[in-house]
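Take a look at the structure set out below.
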2 protein chains.
Amino acid sequence: MLKRSKQRESIKKFLISRYDHPTAETVYMNIKEEFPNISLGTVYRNLSLLADIGEIQKLSTGIGPDRFDGNPKPHYHFICKECGSVLDLNVTGLDHINVLAAQDFDGEIEGHVTYFYGKCSSCKAKRQTS
Amino acid sequence: MLKRSKQRESIKKFLISRYDHPTAETVYMNIKEEFPNISLGTVYRNLSLLADIGEIQKLSTGIGPDRFDGNPKPHYHFICKECGSVLDLNVTGLDHINVLAAQDFDGEIEGHVTYFYGKCSSCKAKRQTS
DNA sequence: TTAAGTGCAAAGGATTTGCAACAAA
DNA sequence: TTTGTTGCAAATCCTTTGCACTTAA
């Protein structure tokens, strides 16, 4: 079970090459150059599958459609309220966060997702006033 | 501008009375008891408006439809992977998180949202094995 | 050979929107 | 009055799905 497919491999390779966390639609447009007949359904299917087996990450930012990250390792993201861009964030010293959350909680905490919000550097430069 | 409306007030009051972070659909069903003719569109409009002016919070968990929280103050949430319930989480000692994130970042960090994932206490009790 | 993957198109769920009627200020 | 708000229905956006065909193993 789980055969390889050229389409899936292309999607994964594409995601690894990008650092802007593209949407399914963007993936679709780009994979089309190599596979002109690929369908959006196939893109969605493969993105879900890759996320399920932990080879990529799905980002639900709450703003617009889901985005996808070719880097499967846990890390943090920043979302610019101004332009909507999603950036990787290098945050260290947050490993204890699950422990802190577990302190006052009866269930079992397996992980967490954090999105930081604000203004990216270029939007910040554009206007000093809010 | 911004007139009061009985519908909006009822929606807010309802949200404040609930601690399970209901969806728009659930809000709709409940408000219908007081306003049988209210439409789902009105519910969505008011939920968006209330979230925009900071009187409630919209929660985009990445699982299912958005949920709404009558408590506008920043706090943390836990999502049970098993049953899908969304619980408030009392986490202290995380005030420095924005500062940590800003350390290696040129833009401006205004806030963050964190969702913890795992098994809630009752789902944990149901089966010891994963 | 056979089970997984694909393309296509239709369906689905969640949310938004245009508009005429209504209600708050 | 004036302008925000509503109910209704249609539209839109994003994502999933059924099915017959194709392809990897």
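Values below: all heavy atoms of this structure, side chains included; hydrogens, waters and symmetry mates excluded. Naming convention: chains lettered A, B, ... in sequence-line order (proteins, then strands); numbering from 1 in each chain.
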Rounded to the nearest angstrom, tell me the gap between atom CE in Met1(B) and atom P in dT5(D). 9 Å
Rounded off to whole Å, could you give me the CZ-to-P distance for the Arg67(A) and dC14(D) pair? 11 Å
Are side-chain heavy atoms of Arg18(B) and Asn30(B) found at a separation under 4.5 Å? yes
Could you tell me how far apart Arg45(A) (CZ) and dT23(D) (C1') are, to the nearest whole angstrom? 14 Å
Side-chain-base donor-acceptor pair under 3.5 Å for Lys3(B) and dA23(C): no
Could you work out how much the helix from dT1(C)-dA25(D) to dA25(C)-dT1(D) bends, comparing the axis of its first five pairs with that of its last five, to 10°? 40°
For Leu2(B) and dA23(C), what is the distance between atoms CG and P respectively, to the nearest whole Å? 18 Å
DNA chain D contacts made by residues 11-44 of chain A, counting heavy atoms under 4.0 Å: Leu40(A), Gly41(A), Tyr44(A)
Whole angstrom value for the distance that separates C1' of dT5(D) from CD1 of Ile53(B): 14 Å
Atom CD of Glu9(A) and atom C1' of dA24(D) are separated, to the nearest Å, by 11 Å
Please report the distance, rounded to the nearest Å, between CG in Leu50(A) and P in dT15(D). 16 Å
side-chain N/O Gln7(A) vs dG7(C) OP1/OP2, d < 4.0 Å: yes
Side chains of residues 97-105 of chain A: which donor-acceptor partners sit under 3.5 Å, not counting sequence neighbours?
residue, atom, partner, partner atom, Å
Asn98(A), OD1, His112(A), ND1, 2.8
Asp104(A), OD2, Asn90(B), ND2, 3.3

Return yes if some donor-acceptor pair links the side-chain N/O of Gln7(A) with the main-chain N/O of Val43(A) below 3.5 Å, else return no. no
Do Leu94(A) and Tyr76(A) have side chains that get closer than 4.5 Å, going by heavy atoms? yes
Lys6(A) NZ to dT23(D) C1', in whole Å, measures 9 Å
Whether Ser5(B) contacts dA23(C) is assessed here as follows: a side-chain N or O lying under 4.0 Å from the phosphate OP1 or OP2. Is that the case? no
